[in-house]
Amino acid sequence: MKALGIGEGSSRGQNTGVEYTITTLQAAQVDRTGGSADPMEIEDTTSTPGPPEYTVPPPFDEASPGDCYFESSDGTRFKVLKHSLVHVSRYFEELFQNSPPSTSTAELPTFHFDEDARTLHALLVVLYPVHTQDFLDVQLVQKLTERQEKYDIPASTMMYVESVIVGRNYTSEAPTEDVMQVYAVAWRSGYRNEVQHFSRFTHRLDLTDQSIVDQLIHNSGSSKSYIALMELRRHREAALDDIIEALEPKKHFCPSHSSSDTMFFAFISMIKTAARNALLEPRPVCNDAFEFLGLQGTAGERTVTWCSSCYARADKARLTNQLRAAVERYPQTTSM
């Protein structure tokens with residue numbers, strides 16, 4: 001579905017001339033000395049172009065029917081029909097009841113809002129009888145969630161909007177929007193299957209970053225959403241032993257690298273690191289054990305330092321089958 005036109009219009013009128021302002025101190029110095037101020041000290045107050053104006057689409061543009069204007073914090077005006085809002089939100093019912101009647105059909109009343117144009121537009125979209133789901137994205141839905149109580153947005157309306165966002169990303173091969181925000185919306189809405197689906201795309205995210213954690217808990221409404229991901233990380237780390245066992249290192253390490261515990265476990269650690277990196281993919285596929293771990297590429301090159309004597313006589317096909325089975329068992333999603 002094509003979203004109603006959200007475009008970029010021409011920028012607002014800007015002063016493009018160059019104005020030079022001489023400070024009071026400089027002016028006083030010129031007065032006293034009869035000289036001129038140092039041109040290097042003259043302040044250049046050239047105006048820089050502002051952001052493009054927000055283009056308001058139907059049914060909120062000037063040509064659309066309406067009996068009032070909603071003005072955003074950045075000065076964009078939306079033409080609105082009051083009766084389309086009073087029946088869905090008590091906030092607007094009380095707002096319009098307490099507002100003075102218009103004295104002129106040529107000058108419709110204007111209501112000012114703290115939200116920017118894009119957020120105010122999203123608010124109107126979910127309350128108005130229009131179909132513009134494609135316009136909404138996960139960030140706008142999060143802003144509306146934070147304003148749900150303020151504007152008395154019906155719970156059923158928010159549930160529908162959230163289902164649109166979650167469904168759009170769930171049916172895609174991979175989330176098309178910020179996976180952590182989509183995961184949070186799905187968690188807040190109680191969509192178990194969708195939460196599990198999105199969690200497989202979070203493996204590369206840094207969960208030690210406090211800003212990411214704080215935003216996740218805030219957006220999902222529960223610290224359990226973070227705990228579930230940390231539990232998944234713990235299970236994945238423990239399951240690396242199964243990956244290592246599939247490669248049978250005790251059988252195939254050469255004498256030089258299996259003669260001492262220090263050397264043996266150093267190589268085990270190296271294989272674990274290689275496996276950990278390979279398994280960051282949301283759907284890892286193992287077609288060749290050594291290529292999968294980066295121990296040997298298709299042209300014989302190695303992306304991980306390796307000993308050519310180790311695994312020299314191993315049955316590569318058998319090890320690949322064992323590793324493939326271990327990869328398929330490897331934890332990829334949460335158990336919400």
Side-chain angles (χ1 to χ4, degrees), residues 137-146 148 158-159 161-163 165-247 249 265-286 292-294 304 323-336:
D137 58 30
V138 68
Q139 292 182 343
L140 285 175
V141 169
Q142 183 57 41
K143 289 182 179 181
L144 293 179
T145 300
E146 295 169 354
Q148 182 176 0
M158 284 305 305
M159 287 179 62
V161 170
E162 289 172 348
S163 70
I165 297 299
V166 172
R168 177 195 304 162
N169 287 273
Y170 181 68
T171 55
S172 301
E173 184 177 348
T176 57
E177 301 177 75
D178 183 281
V179 64
M180 195 60 94
Q181 292 193 26
V182 176
Y183 169 86
V185 171
W187 185 284
R188 185 176 64 238
S189 303
Y191 296 121
R192 288 179 174 270
N193 292 338
E194 288 78 358
V195 165
Q196 290 181 330
H197 173 72
F198 296 141
S199 66
R200 72 168 60 245
F201 298 93
T202 65
H203 304 323
R204 295 184 183 277
L205 296 177
D206 182 6
L207 294 183
T208 64
D209 186 328
Q210 193 61 44
S211 63
I212 293 178
V213 175
D214 290 344
Q215 185 180 41
L216 170 61
I217 295 174
H218 172 75
N219 292 348
S220 67
S222 172
S223 61
K224 292 182 179 180
S225 61
Y226 164 69
I227 294 173
L229 290 180
M230 290 303 295
E231 279 293 296
L232 174 58
R233 297 281 174 98
R234 185 177 65 81
H235 291 318
R236 286 168 60 84
E237 188 65 22
L240 285 176
D241 289 339
D242 191 29
I243 300 292
I244 301 303
E245 289 177 7
L247 293 172
F265 286 111
F267 264 64
I268 291 293
S269 176
M270 184 190 69
I271 296 177
K272 271 194 174 183
T273 299
R276 194 180 290 116
N277 291 332
L279 291 164
L280 291 176
E281 294 297 319
R283 296 184 178 90
V285 177
C286 175
F292 180 78
L293 296 176
V304 176
L323 182 59
R324 183 184 298 117
V327 169
E328 291 173 354
R329 294 191 300 269
Y330 191 75
Q332 290 288 351
T333 64
T334 59
S335 56
M336 177 183 177

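Throughout, residue positions are numbered sequentially from 1 according to the sequence presented.
Within the 4.5 Å cutoff, the side chain of E177 has heavy atoms near those of the R168 side chain. Looking at heavy atoms from C-beta onward, I244 lies in side-chain contact with K272 at the 4.5 angstrom threshold. Side-chain atoms of N193 and Q196, non-hydrogen and from C-beta on, do get closer than 4.5 Å to each other. A heavy-atom distance below 4.5 Å is found between the side chains of F198 and Y170. In this structure the side chain of Y183 never reaches within 4.5 angstrom of the side chain of N219, judged on heavy atoms.
Counting all heavy atoms, side chain and backbone alike, E162 lies closest to T145 at OE2-OG1, 3.7 Å. Across all non-hydrogen atoms, the minimal contact from A278 to P284 is O-CB, 4.2 Å. Here the closest non-hydrogen pair linking E194 and V166 is CG-CG1, 3.5 Å. Nearest heavy-atom pair across L232 and T333 is CD1-O, 3.3 Å. Contact record, I243 with A275: CG2-CB, 3.9 Å, taken as the closest heavy-atom pair. V213 approaches Y226 most closely through the heavy-atom pair CG2-CE1, 3.6 Å.
Note that the OG1 atom of T334 and the NE2 atom of H235 stand 10.0 Å from one another [nearest 0.5 Å]. Interatomic distance, CD of E245 versus CG of D241, reported as 6.5 Å (0.5 Å rounding). Interatomic distance, L207 CG to M230 CE, rounded to the nearest 0.5 Å: 6.0 Å. With values rounded to the nearest 0.5 angstrom, I165 atom CD1 is found 10.5 Å from Q139 atom CD. Note that CG of L280 and OG1 of T202 are 10.5 Å apart. Values are rounded to the nearest 0.5 Å. Atom-to-atom distance recorded for M180:CE and L216:CG is 5.0 Å, nearest 0.5 angstrom.
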Checking side-chain hydrogen bond (donor to acceptor under 3.5 Å, both in side chains) for the pair R283/Q332: CA distance, chi angles, key distance, verdict?
CA-CA 8 Å; R283 296 184 178 90; Q332 290 288 351; over 6 Å; no
For the pair L140 and V161, evaluate side-chain contact (heavy atoms from CB on, under 4.5 Å) and give the outcome as yes or no after the intermediate values.
CA-CA 10 Å; L140 285 175; V161 170; over 6 Å; no
Please step through side-chain contact (heavy atoms from CB on, under 4.5 Å) for the pair E146 and V141, ending with a clear verdict.
CA-CA 9 Å; E146 295 169 354; V141 169; over 6 Å; no
Could you go through the side-chain contact (heavy atoms from CB on, under 4.5 Å) check for L240 and I271 one step at a time?
CA-CA 10 Å; L240 285 176; I271 296 177; over 6 Å; no
Pair F292-V285, side-chain contact (heavy atoms from CB on, under 4.5 Å): steps then yes or no:
CA-CA 8 Å; F292 180 78; V285 177; over 6 Å; no
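At a threshold of 4.0 Å, the pair E231-R234 counts as salt-bridged, since one of the basic side-chain nitrogens sits closer than that to a carboxylate oxygen.
At least one donor-acceptor pair under 3.5 Å links the side chain of N169 to the backbone N or O of T176. At distances below 3.5 Å, at least one donor-acceptor pair connects side-chain atoms of S222 with backbone N or O atoms of K224. Remark: side-chain polar atoms of T273 are paired, donor with acceptor, to backbone N or O of S269 under 3.5 angstrom. Judged by distance alone, with hydrogens and angles left aside, the side-chain atoms of Y330 form a donor-acceptor pair with the main-chain N or O of R236 at under 3.5 Å.
Under 3.5 Å, the side chains of S225 and R188 contain no donor-acceptor pair of N or O atoms.
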